[in-house]
Novice: 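Dropping a structure here in structure tokens format, bear with me for questions.
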Amino acid sequence: MVLPLVPLPSSVVERPGALVLAPSARIVADDTADAAASVLADVIAQRTGSRPEIVTGSARPGDFVLHRRAGTDDEATDDESYTVRIGDDVRIEGSATGLFYGIQTVRQLLTSEGDGWMLPHVEIDDAPRFEYRGVMLDVARTFFDVETVKAYIERASSLKFNRLHLHLTDDQGWRLQIDSRPLLTENGSATAVLGRPGGFYTKDDFREIVRYASAHHMIVVPEIDLPGHTHAIGLAHPEIMEAPVMNDALLAQAAELGQPLPIAGEPYLGWGVGHSSVKIHDEHTWEFLRDVLSEVADLTPGPYLHVGGDEALGTAPADFNAFIEQVTALVAGLGKTPMTWHEAGSALVAEGTIGQYWGSVAPSAAHAAEARRFTERGGGLVMSPSDTAYLDQKYDADFTVGLDWASLINLKTAYDWEPTAIIDDLSDDAILGVEAPLWSETIASLADIDQLFFPRAAALAETGWSRADSHDWASFQSRIASLDAVWDAAQWGGHRPTEIAWSNR
Ligand code: TNX
């Protein structure tokens, strides 16, 4: 039987036999591993219905033993590798992060057998391929509360994703409290796309998200989308906004979907893009951006600050480039690594800026040149091709949530791509990793999130974590088939496409 592991570990050696879980099994961990011990106890309780006792001291046959490896636990440079040994007992070894990932692996290996549970005898040695393995949630088009964001963190971290990109601002709403600019949330957060309820995170809410993400070994990447996608700023600071610019695509789309057009100073409830821009050359804009971005930087322990740069269709190219140059320099000056969508590669981005590529897996020459620019400036690329990695695209034409402008993305399409094979003439280390964005124009609930997330996020997780030479659709198909049991036990919803013979162990 193929072991039901996604993402596939770098080395899996199966041994004959299995460990039958005894009711007396305990978790043995010293106090350096107590966080991991309670995660493991929760996971076992969730799968089997009984929670093992956590003890210190020596192990007995049948116990789970957690061994925290000495070494760095600085999140940004943490060693994510781990080992799992299952024989007479279960031994997991790693840094705090490695232990967390080893536990996620054991979670997938637990198999019900009759009335009991068993674990196969196996030796696993595992480490990730890429350092950046992200998921994104758009909380601007539709606002999701802290509990929903935590639920998203639980799902993503179980697949060994380690970055949570939050798209905090867009035309439809401003979702983060900024003390120096209180009008942003007072006036700019009350609504969402299609008239859905708005909302925003207080600074304490945001700190709680950061804390919860960190406990799940994920770094929060906040995004303030600039200079376009900024209509909501105009509800608070009209003095720094240009008048809306209507492009043909926007007009046609609004007519087709029966959506409103943007009106300066009024909440925007449609989902057209490319109509808004802050004033690029106005000193008040830069005062505003210094205030806002320094507060976001102060609030964020992680190294990244994403400043958007996508779809600035209403901004003249020279103005756009001047803006990007200045805003990425501003972020770098705040001690953060700037991150932008790849269009910003038209400009002289600050040294070390990370580009997030969202073009096709078959890029246009212009997109490829923009992407390459980041590497010329000493930065790297995070790959989010919209026709394979976009979680907001429908699986098939009949799917009830999602968009379809980039592609229909079934599970195989989400699986079948190679991040280093998209942009030519790059060294492999230019690719920092992958990210799966979930835009929220068409989703309103956690159940909707799950529909788009499971199972495709598992395909993208494997692309980010597992060795390139193990990437194999047939193998993935058989390994993922049992994970519905893990997801069901956690009461996570999701789609069950017929591409997979779901087993429900
Ligand atoms: C494009 S991709 C966008 C978003 C939309 C998304 C919908 C990118 C950087 N911008 O504004 O939400 O398409 O799929």
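Indexing begins at 1, ligand by ligand and atom by atom, following the structure's order.
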Novice: Please confirm whether the ring centroid of W174 lies under 6.0 Å from the ring centroid of F143.
Specialist: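 Centroid separation for W174 and F143: 6.0 Å or greater.
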
Novice: For ligand 1, find each of its N or O atoms that sits under 3.5 Å from a protein N or O atom, and tabulate the pairs with distances to one decimal place.
Specialist:
unit_1, atom_1, unit_2, atom_2, d
ligand 1, 10 (N), D310, OD2, 2.9
ligand 1, 10 (N), E311, OE1, 3.2
ligand 1, 11 (O), R141, NH2, 2.8
ligand 1, 11 (O), E311, OE1, 3.1
ligand 1, 12 (O), R141, NH1, 2.7
ligand 1, 12 (O), E441, OE2, 2.5
ligand 1, 14 (O), D392, OD2, 2.6
ligand 1, 14 (O), W405, NE1, 2.6

Novice: Would you say the side-chain atoms of K336 pair up with the backbone N or O of G302, donor to acceptor, closer than 3.5 Å?
Specialist: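 Present.
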
Novice: Could you walk me through whether D387 and S360 pass side-chain hydrogen bond (donor to acceptor under 3.5 Å, both in side chains), step by step?
Specialist: CA-CA 6 Å; D387 47 6; S360 162; 2.7 Å; yes

Novice: For the pair Q172 (side chain) and T142 (backbone), establish whether a donor and an acceptor sit closer than 3.5 Å, ignoring hydrogens and angles.
Specialist: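 Flag not set: sc Q172 to bb T142 has no pair under 3.5 Å.
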
Novice: Any sub-3.5 Å donor-acceptor pair from R456's side-chain atoms to L391's backbone N or O?
Specialist: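 Yes: the side chain of R456 pairs with the backbone of L391.
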
Novice: Cation-pi check for F200 against R175: NZ or CZ below 6.0 Å from the six-membered ring centre and within 45 degrees of the axis, yes or no?
Specialist: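 That pair does not qualify as a cation-pi contact.
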
